[in-house]
Amino acid sequence: VKQQKPEFHAYQPPTEKWQADAWQAVEICQVKLHDPEGVKALEYLHRRGFTNDTIQHFKIGYSNGVKVGELWIPHGIIIPCHANGVMWYLKIRTNTVPKYTLVKGSRPKAIFNADELAMKKIALIVEGEFNAMAAWQETRGNCEEVAIASMGAAGYRPDLAQWGVYLINKTLILALFDADDAGEKGAMGMCSTIGNRCKLTALPPGSGDLNDFLTAGGDVAAWLRSEVDYWRE
């Protein structure tokens, strides 16, 4: 008897109900970030080097405990991930341990800032949303030919059945992950998934992650231009 091949299903987003509640929660939390109760959260984001334009672009918000439908948004800074109108996850930057948590029902193996990724031939994929935000902010008007994206965490790989359309047109993909064991494994895994177009890159020694590099006064756009020029030759 000939065995049937198992069906393969692409990584799927949350339910439509979850997404509808999540979109509403994001709007509420964006307002709260600029209310008096969100002052400390906004100050923290500014200390991380983010401008109000960047914060607004990525729909970053603040929750003091928000409930929308059956969706509960814990206390913290809200980082939403959406692509082509689909909300994939809501991540919370907490002030406790662990530093990051996901709203229940999130589907975290998604590409943060994927809409921009689809439009350009060169991409920088980093570890963590704040690093992606920092790179995006610092390359506006300078090195704009490079799309900025993140898989959100070092251990996640893009499911090519779902996300391949965002990567197929790329001539060069730079992978920048944290300089630790998880980051090294993540970068190698990213390159093995994508193939030879993916090149490992690194910040100057002692820079920390990309967001640290920004807050220490590093020139993110100049660094990225030099990396693109090196690998494009």
Exam field: side chain N131 to backbone N211, donor-acceptor pair closer than 3.5 Å: yes
Within-4.5 Å side-chain heavy-atom neighbours: V103 and Y89: no
Counterpart residues, ring pair (Phe, Tyr, Trp, His ring centres under 6.0 Å), relative to F58 (two or more places apart): F112, W136
Under the ring pair (Phe, Tyr, Trp, His ring centres under 6.0 Å) test, residues paired with H34 that sit two or more places apart: none
Side chain to side chain, D209 and L203, heavy atoms closer than 4.5 Å: no
Verdict with supporting geometry, W88 and W18, ring pair (Phe, Tyr, Trp, His ring centres under 6.0 Å): CA-CA 9 Å; W88 284 85; W18 187 97; 9.9 Å; no
Side chain proximity check, E129 to K91, heavy atoms < 4.5 angstrom: yes
4.5 Å side-chain heavy-atom contact, I122 and V228: yes
H75 side chain near T94 side chain, heavy-atom distance below 4.5 Å: no
Residue pair G76 / I92: nearest heavy atoms and the distance that separates them: CA-CG2, 3.7 Å
Close side-chain approach of E116 to I148, heavy-atom, < 4.5 Å: yes
Heavy-atom side-chain proximity of L224 to L174 below 4.5 angstrom: yes
For the student: nearest non-hydrogen atoms of A10 and Q12, plus distance: O-NE2, 2.9 Å
Donor-acceptor under 3.5 Å (K199 side chain, N196 main chain): yes
Exercise: identify the closest heavy-atom pair between V66 and S63: N-OG, 3.2 Å
Verdict with supporting geometry, L176 and I125, side-chain contact (heavy atoms from CB on, under 4.5 Å): CA-CA 6 Å; L176 175 66; I125 298 181; over 6 Å; no
Exam field: side chain E144 to backbone G141, donor-acceptor pair closer than 3.5 Å: yes
Worked check of side-chain contact (heavy atoms from CB on, under 4.5 Å) between Y11 and L160: CA-CA 9 Å; Y11 189 70; L160 296 183; over 6 Å; no
Nearest heavy atoms of A123 and L117, plus distance in Å: CB-CD1, 3.4 Å
Residues which pass side-chain hydrogen bond (donor to acceptor under 3.5 Å, both in side chains) with N64, listed by chain and number, not counting sequence neighbours: E37
Flag side-chain contact, heavy atom, 4.5 Å: Y62 against D35: no
Test: D229 and R225 ion pair at under 4.0 Å: no
hydrophobic_cluster_shared for L167 and W231, side chain cutoff 4.5 Å: yes
